[in-house]
Amino acid sequence: MSSWLHPALFFFLGSLLLPFFQGKARKALLLLIPALAIIAVAMAEQGIYGQYRFLNVDGVFGRVDKLSLIFAWVFTIMAFLGALYSLHREESGHHIAGFLYVGSSLGAIFAGDYFTLFIFWEIMAFSSVFLIWYRRTKNALDAGFRYLLVHVFGGLLFFTGMMLTYYKTGSFAFNSIAPGNAGLAEYLILWGFALNAAVLPLHAWLPDAYPEATVEGAVFLCAFTTKTAVYVLARGFAGFEVLAIMGTAMTVFGVCYAVIENDIRRVLAYHIISQVGYMVAGIGIGTHLALNGAAAHAFAHILYKALLFMGAGAVLFMTGTAKLTQLGGLYRTMPLTMIFYIVGAVSIAGFPLFSGFVSKSMIVAAAHQEGRLWLMNFLNLAGIGTFLSVGLKVTYFAFFGKGEPVAAKEPPANMLWAMGITSLLCLVIGVYPDALYVLLPFASDYRPYNLHHLSEALQILSFTGLVFFLLLAKLSPEEKINLDVDYFYRKAVWHFLRFDDKVIAVFDNLWGELYRTLGLRALFKSADLSYGFDRQVIDGIVDGSAASTMDLGSTVRRLQTGRIQTYIALSLIIFFVVVLLFAVI
Amino acid sequence: MKLAELIGTLRENLKTLRIVMIVYLAVLVVFDVFLSREDAHYIIDKIYAYWAIFGTIGCFVLIKFSKGIAHMFLSKNEDYYE
């Protein structure tokens with residue numbers, strides 16, 4: 001058996017080393033760690049590694065196969081790009097949180113059983129929240145706590161399902177589940193996973209938390225949590241119809257919000273829901289082409305979504321805002337950022353020669369192949385919304401727009417380099433899709449570049465562009481936020497407090513008043529009564545008993561002379577009496 | 001910066017740009033009409049320029065629906081939760 005080095009090790013050990021390095025040495029270390037991890041992934045051979053036994057549990061740290069490897073590839077590449085993008089950041093705590101987050105994501109995708117998966121699953125939630133808290137605003141702090149609470153809830157669903165499975169089968173083995181065999185335990189695990197994939201209606205944590213994260217943290221966040229969830233769903237729940245339906249619903253839901261949001265990072269966050277929807281739908285369709293599509297799309301998506309978050313982050317970093325209503329004309333001052341953002345936008349929209357064209361289309365083609373035309377049409381409708389919101393709306397209102405150009409300049413070199421390399425990767429995948437296809441879990445002869453697909457994609461995108469310019473006035477961003485289901489846990493608390501303030505407090509006051517007027521009077525009256533009762537009745541009885549107690553006391557006092565011989569005499573008498581009694585018997 | 005100048009020139013010649021775009025859209029539709037439909041399985045594969053129609057209507061509906069529902073009840077002031 002060949003040996004295997006877990007890529008997560010580099011991140012965990014690296015995060016321990018980071019605090020001891022400063023300046024250039026730390027920057028070098030920040031890039032070296034993910035680079036070593038990429039090499040470890042490149043050298044990994046398929047197999048089962050790192051089996052252990054702990055508390056009667058058989059665990060597996062390393063299930064290395066094509067499905068886990070494709071995610072490991074993109075996770076480590078993304079970690080490198082994310083580290084490059086955040087190189088300028090001074091706090092080592094932020095870098096440590098990022099590395100622990102990446103490391104635990106890698107741990108989760110290589111985990112071969114529920115127990116190991118659960119441990120890494122929880123480390124992910126608790127390390128990633130710091131990428132939000134490091135923003136150091138009140139909104140970020142609050143959003144971080146909500147993020148944690150929601151993920152703890154998801155973890156509980158997963159944990160309950162995992163324990164029920166153990167109760168039923170006596171093992172934590174995590175393998176593909178047939179839709180027909182799924183019971184309560186399996187569905188609890190499914191929804192625990194689905195929460196991390198932001199499946200409706202468990203999605204609101206994502207657009208609540210990610211836009212509040214640090215500029216650099218958001219680049220990490222957008223990549224790992226949802227895609228780890230996509231991996232575990234693909235591993236365990238391929239072919240579940242509920243995923244096909246919910247995934248397609250997510251694609252359309254996400255773009256509807258992306259069309260109306262104002263903050264660029266909120267647009268992008270809602271759009272993650274839409275994109276992960278494609279992957280979830282692919283998993284739900286469950287054919288080899290669809291699963292390949294889900295994996296390929298996860299790979300491509302991580303890169304271009306990170307690129308978009310880098311671009312939006314650069315705008316926020318340099319101008320202090322990411323609100324479309326306050327931006328405009330940036331093409332003059334941040335042309336490179338604009339070019340990189342547009343590369344991300346056309347990649348996500350699925351333009352020919354860019355990565356979305358070769359990945360998203362596999363899922364759409366799988367729906368078409370299975371004759372699921374409703375799914376196919378809705379997936380393509382979401383494609384319209386993608387280009388409309390992330391591509392046209394954000395680009396137009398941030399980088400062009402009619403308003404006065406915002407004063408700004410290009411971001412630091414490390415940010416530009418990160419965006420440049422990511423742009424290049426999006427282009428390489430688009431032009432040379434076999435580079436990606438060779439990593440796919442199943443053999444496939446899918447060819448994205450055929451005339452029908454080209455015609456379909458160009459028609460959809462171009463006519464979307466036409467309607468965008470016709471309805472441009474309708475699309476102007478507004479200084480608003482939009483309600484989502486987080487309303488229920490954000491406003492419900494507020495309503496409870498209001499209820500407490502208005503109803504319970506009023507009732508409390510009323511009760512207090514009632515008590516004061518009626519209660520106290522009654523109390524005084526009853527106090528009078530009991531006083532009388534006490535004096536007349538109790539005292540009578542007590543005095544009587546007191547008198548008899550005093551009599552007894554004086555008798556005892558006569559016995560208690562305090563002389564030792566009296567006590568000895570007394571005890572001897574008692575002794576003889578006892579002996580005599582026994583003798584009689 | 002040359003890119004900024006290029007974009008500036010394009011913005012000054014919006015009329016020409018518009019004509020170019022309309023010609024491009026027409027070419028797309030014509031191209032689709034001439035595509036072979038021999039292995040078309042489903043009705044949507046047989047309709048000429050189906051995705052052009054779909055794109056136009058879909059985009060219109062998405063904008064109207066999203067903005068409509070936002071104005072109806074989703075949209076709130078930014079300090080709503082504070």
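Atoms considered below: every heavy atom in the structure, side chains included; atoms not considered: hydrogens, waters and symmetry mates. In the text below, chain A, chain B and the rest are named by the order of the sequence lines, each starting its count at 1.
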Aromatic ring pairing Tyr331(A)/Phe400(A), orientation class (parallel under 30°, perpendicular over 60°, tilted between): parallel
Residue [X] versus chain A: region with a heavy atom under 4.5 Å:
{"X": "Phe60(B)", "answer": "both"}
{"X": "Leu25(B)", "answer": "both"}
{"X": "Val29(B)", "answer": "side chain"}
{"X": "Asp79(B)", "answer": "neither"}

What part of [X] lies closer than 4.5 angstrom to a heavy atom of chain B: side chain, backbone, both or neither?
{"X": "Lys393(A)", "value": "neither"}
{"X": "Ile460(A)", "value": "both"}
{"X": "Asp486(A)", "value": "both"}
{"X": "Gln369(A)", "value": "backbone"}
{"X": "Leu475(A)", "value": "both"}

Gap separating the OG atom of Ser462(A) from the CZ atom of Phe351(A), nearest 0.5 angstrom: 6.5 Å
Atom pair CG (Leu17(B)) and CG (Leu10(B)), whose distance is rounded to the nearest 0.5 Å: 6.0 Å
Residue pair Arg372(A) / Thr248(A), side-chain heavy-atom distance below 4.5 Å: no
Hey, does the side chain of [X] reach the backbone of [Y] with a donor-acceptor pair shorter than 3.5 angstrom?
{"X": "Arg146(A)", "Y": "Ala209(A)", "value": "no"}
{"X": "Asn482(A)", "Y": "Tyr257(A)", "value": "no"}
{"X": "Glu370(A)", "Y": "Ile285(A)", "value": "no"}
{"X": "Tyr270(A)", "Y": "Ile260(A)", "value": "no"}

Can you confirm whether more than 12 heavy atoms, excluding those of [X], are under 6.0 Å from its [atom1] atom?
{"X": "Arg37(B)", "atom1": "CZ", "answer": "yes"}
{"X": "Phe378(A)", "atom1": "CZ", "answer": "no"}
{"X": "Lys76(B)", "atom1": "NZ", "answer": "yes"}

Interface residue of largest heavy-atom contact number with chain A, from Gly55(B), Gly8(B), Ser36(B), Ser66(B), under 4.5 Å: Ser66(B)
If you count heavy-atom pairs under 4.5 Å with chain B, which of [options] comes out on top?
{"options": "Leu466(A), Asp142(A), Asn377(A)", "value": "Asn377(A)"}
{"options": "Thr333(A), Leu461(A), Val252(A), Leu471(A)", "value": "Leu471(A)"}
{"options": "Ser455(A), Gly371(A), Ala258(A)", "value": "Ser455(A)"}
{"options": "Val259(A), Leu458(A), Asn380(A)", "value": "Asn380(A)"}

Phe463(A) ring center within less than 6.0 Å of Phe54(B) ring center: no
N-O pairing of Glu78(B) and Lys323(A) below 4.0 Å: yes
Contacts of residues 46-53 of chain B with chain A (heavy atom under 4.5 Å): Ala49(B), Tyr50(B), Trp51(B), Ala52(B)
